[in-house]
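I have placed the structure first, in the form of structure tokens, so that the comments after it can refer back to it.
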Amino acid sequence: MPRYPLRGLRVRLTVAVGASFGLLLAVSALLLYAALERHWREEVDLNLKHSSEGAYALFLADTEDNVTPRATLIHVATELVYGDRSIVGLDPDGQIIAHSRSIEDTPEFFATDLGAVDTVPVTLMTDEGPSRVVAVRLPEGFRLILGVSLGPVEERLRDLRLTLTAGFVLSLLAGTVVAFLVSGRALTPVTDVARTADRVSDALARGVVPDVVLPTPAAPDEVGRLQVAFAALVRRLDLALGREREVAANQRRFFADAAHELRTPITILRNEIETARQTADPHAPERIMLDRLQTEAEHLTNLVSDLLLLARGETAGDLRTASVLYLDDIVSRVILRAGRHPAAAGRQLTTGRFDTSAVRGDPSLLERAVMALVENALIHAPASDIEITVGAEDGRNPRRWVAVADHGPAIPPEAKEKIFERFFRVRHDVPGSGLGLAIVRWIAELHGGSLRLVQYPDQAGKAFILELPAHSQTHSGTSA
């Protein structure tokens with residue numbers, strides 16, 4: 001069964017599931033990242049708020065021990081230690097009058113404009129990076145500034161981004177692999193139906209329908225419905241093909257019986273006509289009429305013979321006992337017979353390439369096929385000589401062929417295939433039943449070969465080529 005790795009349904013399903021899963025993962029990761037970022041930043045602001053409240057409470061408690069608010073502010077700013085926070089005291093003019101002891105990773109505000117800082121936390125850029133800052137308003141216009149570096153939060157966010165990215169990639173790959181495996185299992189019934197369809201197609205080409213047994217659908221879903229519908233279709237095909245075979249067999253029997261029954265009265269008619277011709281005056285009008293009757297009787301005899309031949313319904317199995325023969329010998333006999341044909345008077349039947357060509361088949365049928373090709377050329381190319389060639393081609397697919405060529409009228413393009421149909425005739429003003437080429441093609445296909453038409457584009461004429469499989473046995477005699 002053919003595979004379509006880039007455009008197959010399994011790949012398309014995997015891509016669709018993977019894309020949907022990836023989109024869901026990406027949205028979930030973005031939402032998680034946004035939620036954690038907001039939570040961590042709010043946590044910083046909340047800690048700053050608590051620290052500012054503690055600093056204000058300490059300022060009020062130390063006011064009794066210090067004479068002025070300035071002294072109290074300096075004492076609180078220099079003595080209060082939070083570890084990761086910086087504390088700055090500002091006078092009413094916004095000048096720094098006190099600063100907490102510097103600790104590693106705590107922000108420094110000496111080069112930072114703190115005028116806009118109020119009781120609502122804001123983010124300021126310092127030499128150490130972004131910091132979150134809040135102000136505590138004190139009596140007489142003094143302010144206490146508390147700031148904390150956002151470096152730890154940014155580092156946690158950076159680690160979170162790396163973790164989410166790696167998790168996204170790994171989860172997407174794992175999800176895609178799982179989707180590929182699961183879709184393959186889910187599509188197994190579809191694959192079984194496709195394989196069965198291939199078997200049915202091959203069997204139909206041979207004229208039979210195999211027994212199809214599909215597994216019982218696991219669920220009444222779309223795939224199960226496909227299995228049930230396909231099994232029903234195959235059963236209907238089997239019934240239809242059986243009826244068609246029965247009709248065809250009845251038709252063959254009818255043609256065979258009719259042709260057989262016609263042979264006796266036709267033979268009697270021909271004998272009576274021949275007797276009357278022998279006793280009639282050669283110059284009498286009755287003799288002319290009898291000659292015409294004899295011609296039509298012969299045509300009727302040939303037609304009945306052709307119908308009997310087609311009604312035989314040969315199959316490839318009927319040729320298992322066929323003998324090994326040589327196309328060059330058959331063509332030699334046909335040339336001798338064709339020379340006595342009325343249409344061959346004054347015409348030349350020449351031979352071109354004449355290879356020794358061994359095939360396996362029915363000698364009478366193959367001689368009938370070659371004779372039919374020669375008669376076709378004699379009748380439909382009345383002013384042309386006939387050339388017959390016999391060829392042998394070896395190689396991977398060794399073939400043997402007979403070509404009958406003439407320089408008569410070309411076959412119209414629309415009739416190139418119709419001429420091989422039964423009772424089709426390009427012209428109705430020439431004798432013939434329209435069965436000759438149909439019989440030749442049937443005989444060729446019966447022997448595993450083919451019949452084809454070749455028309456010469458640059459010169460008048462055409463050739464019918466009968467091709468047959470070669471037989472490996474070498475010719476022990478001399479070609480005739």
Side-chain angles (χ1 to χ4, degrees), residues 25-60 62 69-139 141-172:
L25 282 176
V27 172
S28 301
L30 290 176
L31 292 176
L32 177 62
Y33 181 84
L36 288 176
E37 181 184 21
R38 180 180 178 182
H39 171 71
W40 289 338
R41 293 188 186 278
E42 288 178 349
E43 187 178 30
V44 171
D45 291 345
L46 182 61
N47 290 334
L48 274 178
K49 180 181 178 182
H50 291 162
S51 298
S52 65
E53 292 174 350
Y56 185 73
L58 180 62
F59 177 86
L60 294 178
D62 287 351
R70 175 185 288 271
T72 303
L73 176 59
I74 293 173
H75 178 267
V76 171
T78 55
E79 296 298 329
L80 186 61
V81 177
Y82 279 112
D84 60 342
R85 292 166 178 78
S86 293
I87 302 174
V88 176
L90 300 179
D91 62 13
D93 296 328
Q95 300 298 319
I96 297 177
I97 59 174
H99 195 291
S100 63
R101 286 174 292 180
S102 298
I103 301 177
E104 186 179 1
D105 296 332
T106 58
E108 298 285 349
F109 298 113
F110 294 107
T112 306
D113 183 11
L114 301 175
V117 180
D118 206 344
T119 56
V120 177
V122 295
T123 301
L124 295 180
M125 289 301 299
T126 65
D127 293 339
E128 291 77 19
S131 298
R132 198 70 172 165
V133 182
V134 69
V136 180
R137 292 187 176 275
L138 302 175
F142 290 94
R143 287 186 298 164
L144 188 66
I145 306 296
L146 288 87
V148 61
S149 174
L150 292 177
V153 174
E154 296 295 335
E155 185 176 354
R156 290 166 68 184
L157 290 175
R158 183 170 56 254
D159 293 341
L160 178 62
R161 287 194 295 269
L162 292 175
T163 302
L164 290 177
T165 301
F168 172 80
V169 173
L170 294 176
S171 299
L172 181 60

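The structure displayed is predicted, hence computed values, not measured ones.
Side-chain atoms of L172 and F168, non-hydrogen and from C-beta on, do get closer than 4.5 Å to each other. Between F142 and I97, some side-chain heavy-atom pair lies under the 4.5 Å cut-off. Looking at heavy atoms from C-beta onward, T123 lies in side-chain contact with L150 at the 4.5 angstrom threshold.
Partners of D62 according to the salt bridge (Lys or Arg N to Asp or Glu O under 4.0 Å) rule, which considers only residues two or more places apart in sequence or in another chain, do not exist here. Every residue meeting the side-chain hydrogen bond (donor to acceptor under 3.5 Å, both in side chains) condition with T126, not counting sequence neighbours, appears here in chain and number order: E128. By the side-chain hydrogen bond (donor to acceptor under 3.5 Å, both in side chains) test, S51 is found to be paired with R85, residues two or more places apart in sequence or in another chain being considered. Residues meeting the side-chain hydrogen bond (donor to acceptor under 3.5 Å, both in side chains) test with R156, sequence neighbours left out: none.
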(request) Evaluate side-chain contact (heavy atoms from CB on, under 4.5 Å) for I145 paired with I87, printing each intermediate quantity in order. (result) CA-CA 6 Å; I145 306 296; I87 302 174; over 6 Å; no

(request) Given side-chain contact (heavy atoms from CB on, under 4.5 Å), test R137 with D118 step by step and report yes or no. (result) CA-CA 8 Å; R137 292 187 176 275; D118 206 344; 3.4 Å; yes

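Atoms CG and CZ, on D91 and R143 in that order, are 9.5 Å from each other to the nearest 0.5 Å. Within the model, atoms CG of L31 and CG of L36 stand 11.0 Å from one another, a figure rounded to the nearest 0.5 Å. Here the straight-line distance linking atom CD of E53 with atom CG of L146 works out to 11.0 Å at 0.5 Å rounding. Once rounded to the nearest 0.5 Å, the distance linking CG of L164 with CG of L25 reads 10.5 Å.
Across all non-hydrogen atoms, the minimal contact from P69 to P139 is CB-O, 4.4 Å. G89 and A77 make their closest contact through N-CB, 4.3 Å (heavy atoms, listed as atom of the first residue, atom of the second, distance).
Atom OH of Y56 sits in a sparse spot, with 12 or fewer heavy atoms from other residues, nucleotides or ligands closer than 6.0 Å.
The stretch residues 34-47 participates, sequence neighbours left out, in these salt bridge (Lys or Arg N to Asp or Glu O under 4.0 Å) pairs: E37-R41, R38-E42, R41-E154, D45-R132. For residues 158-172, the set of pairs meeting the salt bridge (Lys or Arg N to Asp or Glu O under 4.0 Å) definition, not counting sequence neighbours, is empty.
Each of L73, L144, V136 was evaluated against F59; a single residue qualifies, L73, per the side-chain contact (heavy atoms from CB on, under 4.5 Å) test.
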